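Here is the structure we will look at.
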Amino acid sequence: IASSSQTFKHLLPLLVDRHRCISVDLLGFGESPPGEDYTVEEHVEAIAATIAALRLRAPFTLVGHSLGALLSSRFAARYPAQVSHVVMVSPPIYPDPSELNNRVERMELDAYMRAYEYLRTNKTFTIANAARVGRLLKISQIFEISENNWDAFVKSLQNCIESQTTITDLAQVQVPVDVIYGAQDQFIATGTMRVIERLRNVRVHRVELNDHLVRPRLARVVASAIGSAGPARAAAKGSNNLDSDHGH
């Protein structure tokens, strides 16, 4: 959310010698056109339209970061013949509270939902503080909430992150899935990865000393997951790798 293909600037140099790499700005962000409702379905169909326009040779490895990771799981579930491998980076997966046995974890999940509701209902506060966070973390070119993308931010947050079906989508995915996240990720709810690890075809990788962004340390793990998976776990040399972005 509120990001662009710049999210993958540390990852692409690790892949381009072996793969054709295409970074996609999601609907309403970066240089992509605006959407209408920014539902999961609308986002996924926009990705599908981009793929069709590029005439990509299927199947390909689909890499998504944050919001893009959630959309990647839905895309793979909807278009199984097109995807050979899904890599979900820093996915803000929030399961149904009933799936978390720990009371503290359920309270933490509720806190995330309350925080997101506050952000999307307090425009002035959110835009002002997003700018401060971008300057502080030196990610101004990667993360930006402004008047231009406010509608995309609010509706994507509400329709794709606060209300999501990611675990159900993942249960339908038939190809290998690698989930990669930083140990210091500010948007990973405690207990979430334990739920994900129970799903078939899913491998979870925890990267120490990394937060939500695709910094060099995390980028190397993502590249390794793509490159070392073997014929059964990733596309072969010369295949397509489609990076579907947004930093949350």
Side-chain angles (χ1 to χ4, degrees), residues 1 3-33 35 40 42-91 139 141-142 169-170 173-181 201-203 205 207 210 213-248:
I1 261 181
S3 188
S4 72
S5 56
Q6 283 297 309
T7 288
F8 295 111
K9 66 179 183 179
H10 295 302
L11 175 61
L12 295 182
L14 305 179
L15 299 173
V16 292
D17 62 331
R18 293 167 291 126
H19 301 276
R20 179 189 179 194
C21 300
I22 301 165
S23 288
V24 177
D25 289 339
L26 293 183
L27 200 64
F29 299 103
E31 297 182 13
S32 286
V40 173
E42 189 179 8
H43 273 297
V44 167
E45 289 309 309
I47 296 170
T50 299
I51 291 169
L54 291 170
R55 299 181 180 179
L56 296 186
R57 184 179 71 254
F60 48 77
T61 298
L62 182 59
V63 183
H65 174 257
S66 197
L67 169 60
L70 308 188
L71 301 177
S72 296
S73 64
R74 174 66 67 88
F75 185 98
R78 177 165 295 182
Y79 299 101
Q82 294 196 40
V83 182
S84 61
H85 182 198
V86 177
V87 182
M88 301 175 66
V89 185
S90 309
I139 56 172
Q141 293 181 330
I142 297 176
D169 294 335
L170 280 173
V173 175
Q174 301 297 315
V175 298
V177 178
D178 282 286
V179 176
I180 302 169
Y181 72 101
N201 296 336
V202 175
R203 292 193 307 183
H205 313 257
V207 182
N210 205 102
L213 301 181
V214 186
R215 301 189 190 277
R217 180 186 295 267
L218 191 141
R220 289 193 293 270
V221 177
V222 174
S224 177
I226 294 171
S228 66
R233 288 199 55 86
K237 181 178 180 180
S239 64
N240 298 304
N241 287 274
L242 189 68
D243 295 335
S244 174
D245 181 49
H246 286 306
H248 175 54

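Sequence positions, counted from 1, serve as the residue numbers for this chain. Owing to the predicted nature of the structure, the values given are computational and were not obtained by experimental measurement.
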What are the two closest non-hydrogen atoms of V173 and A76, and how far apart are they? CG2-CB, 3.9 Å
Validation row: V40, L71 side chains within 4.5 angstrom (heavy atoms): yes
Looking at every non-hydrogen atom in both residues, tell me the closest pair between A81 and P59 and how far apart they are. O-CB, 3.9 Å
What distance separates K9 NZ from S23 OG, expressed to the nearest 0.5 Å? 13.0 Å
In terms of heavy-atom contacts, V179 and V202 come closest through CG2-CG1, 3.9 Å
For P80, check side chain to side chain contact (heavy atoms under 4.5 Å, CB included) against everything at least two apart and list the hits. none
Please check if the side chain of N201 supplies one atom and the backbone of Q174 the other of a donor-acceptor pair under 3.5 Å. yes
Qualifying residues under side chain to side chain contact (heavy atoms under 4.5 Å, CB included), relative to S73, sequence neighbours excluded: M88, T166, D169, L170
Where at least one partner belongs to residues 61-72, residue pairs that pass salt bridge (Lys or Arg N to Asp or Glu O under 4.0 Å), sequence neighbours excluded: none
Minimum heavy-atom distance S84-P176, with the two atoms named: O-CD, 3.6 Å
Just jot down the side chain to side chain contact (heavy atoms under 4.5 Å, CB included) partners of T50, sequence neighbours excluded, or say none. V24, L54
Non-hydrogen side-chain atoms of I47 and L27 separated by less than 4.5 Å: no
Spatial distance of atom NE2 (H43) from atom CG (L26) [nearest 0.5 Å]: 6.0 Å
What is the distance from atom CZ of R20 to atom CZ of R57, rounded to the nearest 0.5 Å? 8.5 Å
In the structure I gave you, are the side-chain heavy atoms of F60 and I22 within less than 4.5 Å of one another anywhere? no
S32 side-chain N/O to G28 backbone N/O, donor-acceptor pair under 3.5 Å: no
For A225 against I180, the heavy-atom pair lying closest together: CB-CD1, 3.9 Å
Hey, does S72 have a side-chain heavy atom less than 4.5 Å from the side chain of V63? no
Identify, with sequence neighbours excluded, every residue that meets side-chain hydrogen bond (donor to acceptor under 3.5 Å, both in side chains) alongside N210. none
Any heavy-atom pair between the side chains of V175 and H85 that's under 4.5 Å? no
Residues that A219 engages under side chain to side chain contact (heavy atoms under 4.5 Å, CB included), provided they are two or more places apart: H10, L11, L14, V214
Distance from L15 atom CG to C21 atom SG, nearest 0.5 Å? 4.5 Å
List for me each residue that meets ring-ring contact (aromatic ring centres under 6.0 Å, His included) alongside F75, sequence neighbours excluded, and say none if there are none. Y79
